[in-house]
Amino acid sequence: MKKRLLTGLQPSGELTIGNYCGGVKQVVKYQDEYETFLFVPDMHSITVPQDPETLHRRVREIVAMYLACGVSPEKCHIYIQSEIPEHANLSWILECHSYMGEMSRMTQFKAKSEGKKEIGCGLFTYPILMAADILLYSADVVPTGADQKQHVELARNLAQRFNKKYGETFVVPEPLIPTIGAKIRDLLDPTKKMSKSAENPKASVFLNDPEKAIRKKIMSAVTDSGESVVFDEENKPGVSNLLTIYASFANCSVQDAEKHFEGARYGDLKKEVADVLVAFLRELQEKYRAILASGAVDETLDKGRDEARAIAAPMYDKVRRLVGFGRV
Ligand code: ATP
Ligand code: MG
């Protein structure tokens with residue numbers, strides 16, 4: 001039997017090239033090797049305020065983008081989180097087995113709540129729902145960018161804790177961090193990661209950006225002092241980020257990219273990064289538009305929902321009985 005891989009990208013904004021490198025590209029790479037679960041975590045996205053109409057639209061768009069990127073509905077189970085009620089049900093049980101101390105250490109919560117007056121409880125408990133997403137399907141591996149590693153660690157801890165108390169129930173998942181592109185950085189502040197929900201759209205290249213916007217954003221990306229194009233994440237995070245983007249989209253190693261730009265100036269680097277992105281995204285966007293206009297999204301989601309439910313429902317039922325719910 002194939003091992004299982006699971007991942008999801010929130011419909012909380014337009015997908016960025018960071019989401020492509022850390023998320024979708026990994027799925028395309030592994031979909032033959034693993035039984036793959038790719039879901040749309042709409043329940044996660046309301047941990048910060050969302051406009052309902054926009055959320056409806058984005059769920060469809062994100063699935064069309066998965067397909068355009070080469071994710072195969074024949075090989076993968078593609079579904080919407082909120083269409084499978086067992087995610088929320090299991091999340092509650094896991095929440096009752098989680099500790100305030102471990103939850104308070106989550107760096108993403110700290111980053112996302114910083115400076116906010118009113119912080120939703122969902123933002124705090126989000127990693128528990130993510131653990132439920134993973135454990136419900138007995139996923140062996142979870143490909144993520146570096147930002148989600150701590151959350152996968154929580155899923156591991158919860159699985160082990162539950163198994164110890166109630167007997168072997170959950171598979172303990174492993175994170176799968178890509179070697180290149182695990183952390184594409186914000187173009188305006190390369191000390192931060194690029195995020196689709198970042199406030200300033202100039203900080204991210206979106207998969208749906210028109211050519212002009214892509215070029216403008218890359219040309220005005222913040223670089224570092226000095227002149228040489230070298231990969232040095234600590235001292236040259238801006239230049240290193242551009243080299244990483246180049247390597248990810250030109251499909252070469254960062255070392256090869258560094259060699260390619262030996263003696264080049266920052267301006268040359270930016271121009272070539274913009275060129276590879278434009279070439280890649282132009283083709284992707286054509287496919288995306290054709291898929292959105294066809295009935296492929298609904299077909300994919302109906303099939304995926306039924307397949308996911310067939311696995312999630314008996315797993316939840318087992319857990320529910322183990323903790324003592326129901327009439328036996
Ligand atoms: P949000 O700002 O709403 O949290 P996000 O851009 O962080 O959006 P997520 O939906 O949280 O995206 O994550 C989707 C996937 O993309 C995950 O696998 C995550 O690890 C990966 N990812 C997110 N940002 C980056 C990044 N900058 N570089 C590489 N991978 C990333
Ligand atoms: Mg995120």
Side-chain angles (χ1 to χ4, degrees), residues 1-11 15-42 44 59-81 83-84 87 130 133-149 151-152 155 171-182 184 196 207-208 247-252 280-281 283-288 290-292 294-312 315:
M1 220 165 71
K2 279 185 182 172
K3 284 199 165 188
R4 287 183 174 171
L5 176 148
L6 177 142
T7 194
L9 293 96
Q10 294 186 59
L15 292 184
T16 70
I17 52 171
N19 300 136
Y20 176 76
C21 297
V24 191
K25 192 178 176 188
Q26 305 306 313
V27 173
V28 175
K29 181 172 163 195
Y30 290 114
Q31 61 186 351
D32 287 310
E33 192 180 336
Y34 292 92
E35 180 182 0
T36 301
F37 296 75
L38 177 60
F39 68 107
V40 185
D42 53 347
H44 283 287
V59 168
R60 306 185 74 80
E61 289 175 353
I62 217 163
V63 174
M65 195 50 98
Y66 289 165
L67 300 178
C69 289
V71 175
S72 158
E74 276 77 48
K75 294 176 193 163
C76 304
H77 311 295
I78 303 174
Y79 54 97
I80 300 176
Q81 184 185 31
E83 290 187 359
I84 317 286
H87 287 247
M130 178 167 155
D133 301 334
I134 299 168
L135 302 184
L136 203 47
Y137 299 93
S138 307
D140 298 282
V141 292
V142 182
T144 64
D147 60 311
Q148 296 288 343
K149 192 164 176 255
H151 295 167
V152 180
V171 169
V172 181
E174 298 280 346
L176 192 72
I177 314 277
T179 43
I180 308 174
I184 303 291
K196 64 176 123 61
L207 297 182
N208 257 325
S248 303
F249 287 89
N251 278 320
C252 66
F280 178 86
L281 294 179
E283 203 186 318
L284 180 70
Q285 290 170 11
E286 266 171 38
K287 285 189 204 151
Y288 166 79
I291 290 165
L292 253 193
S294 74
V297 169
D298 277 312
E299 264 170 47
T300 300
L301 288 173
D302 287 349
K303 176 174 168 285
R305 176 202 53 217
D306 295 346
E307 292 163 351
R309 205 104 209 255
I311 298 169
M315 178 54 124

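No side-chain heavy atom of R305 sits under 4.5 Å from any side-chain heavy atom of H77. Considering only heavy atoms from C-beta on, L5 stays 4.5 Å or farther from Q26 through its side chain. For the pair V27 and T7, the minimum side-chain heavy-atom distance is below 4.5 Å. In this structure the side chain of P41 reaches within 4.5 angstrom of the side chain of P11, judged on heavy atoms. Counting heavy atoms from C-beta outward, Y20 and S248 have side chains that stay 4.5 Å or more apart. Residues V171 and L135 form no side-chain contact, since every pair of their non-hydrogen atoms from C-beta on lies 4.5 Å or further apart.
Using modelled atom types, one side-chain atom of K2 and one backbone atom of D32 make a donor-acceptor pair closer than 3.5 Å. Proximity of a side-chain donor or acceptor of K196 to a complementary backbone N or O of Q10 within less than 3.5 Å is detected. In terms of modelled atom types and a separation under 3.5 Å, the side chain of E174 and the main chain of V142 share no donor-acceptor contact. Using modelled atom types, no side-chain atom of D298 and backbone atom of G295 make a donor-acceptor pair closer than 3.5 Å. A distance-only check finds no donor-acceptor pair linking the side chain of E83 to the backbone of D306 [under 3.5 Å]. Proximity of a side-chain donor or acceptor of T36 to a complementary backbone N or O of Y34 within less than 3.5 Å is detected.
In plain terms, the two heavy atoms of P178 and G22 that are nearest each other are CG-CA, 4.3 Å. Nearest heavy-atom pair across P173 and A155 is CG-CB, 4.2 Å. In terms of heavy atoms, S294 sits closest to I291 at OG-O, 2.8 Å. Heavy atoms only, all atoms of each residue included: L67 and P73 are closest at CD2-CD, 3.8 Å.
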Side chain to side chain contact (heavy atoms under 4.5 Å, CB included) between Y137 and I84, worked out
CA-CA 12 Å; Y137 299 93; I84 317 286; 3.5 Å; yes

With side chain to side chain contact (heavy atoms under 4.5 Å, CB included) as the test, would you mind laying out the steps for D133 and M130 before giving the verdict?
CA-CA 5 Å; D133 301 334; M130 178 167 155; 4.2 Å; yes

Check the pair V59, I80 against side chain to side chain contact (heavy atoms under 4.5 Å, CB included), reporting the backbone distance first and the verdict last.
CA-CA 8 Å; V59 168; I80 300 176; 3.5 Å; yes

Do K3 and V141 pass the side chain to side chain contact (heavy atoms under 4.5 Å, CB included) test, and can you show the C-alpha distance, the side-chain angles, and the key distance before you say yes or no?
CA-CA 8 Å; K3 284 199 165 188; V141 292; 5.8 Å; no

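Rounded to the nearest 0.5 Å, atoms CD (E74) and CD (Q31) are 10.0 Å apart. Rounded to the nearest 0.5 angstrom, L281 CG and E286 CD are separated by 12.0 Å. Considering CG of L9 and OG1 of T144, their distance stands at 10.5 Å, rounded to 0.5 Å. Atom CG in D140 sits 11.0 Å away from atom CG in L176 (nearest 0.5 Å). Here the straight-line distance linking atom OG of S138 with atom CD1 of I311 works out to 8.5 Å at 0.5 Å rounding. Going from atom SG of C69 over to atom OH of Y288 covers 10.5 Å, rounded to the nearest 0.5 Å.
In this structure, F39 has its ring center at least 6.0 angstrom away from the ring center of H44.
Relative orientation of the Y79 and F37 rings is perpendicular, given thresholds of 30° and 60° on the angle between their planes.
Side-chain contact check for Q285 and N208: no donor-acceptor pair (N or O, by modelled atom type) lies under 3.5 Å.
Taking 4.0 Å as the cut-off between side-chain N and carboxylate O, E307 and K303 count as a salt-bridged pair.
Scanning for ring pair (Phe, Tyr, Trp, His ring centres under 6.0 Å) contacts around Y66 gives an empty result, with sequence neighbours left out.
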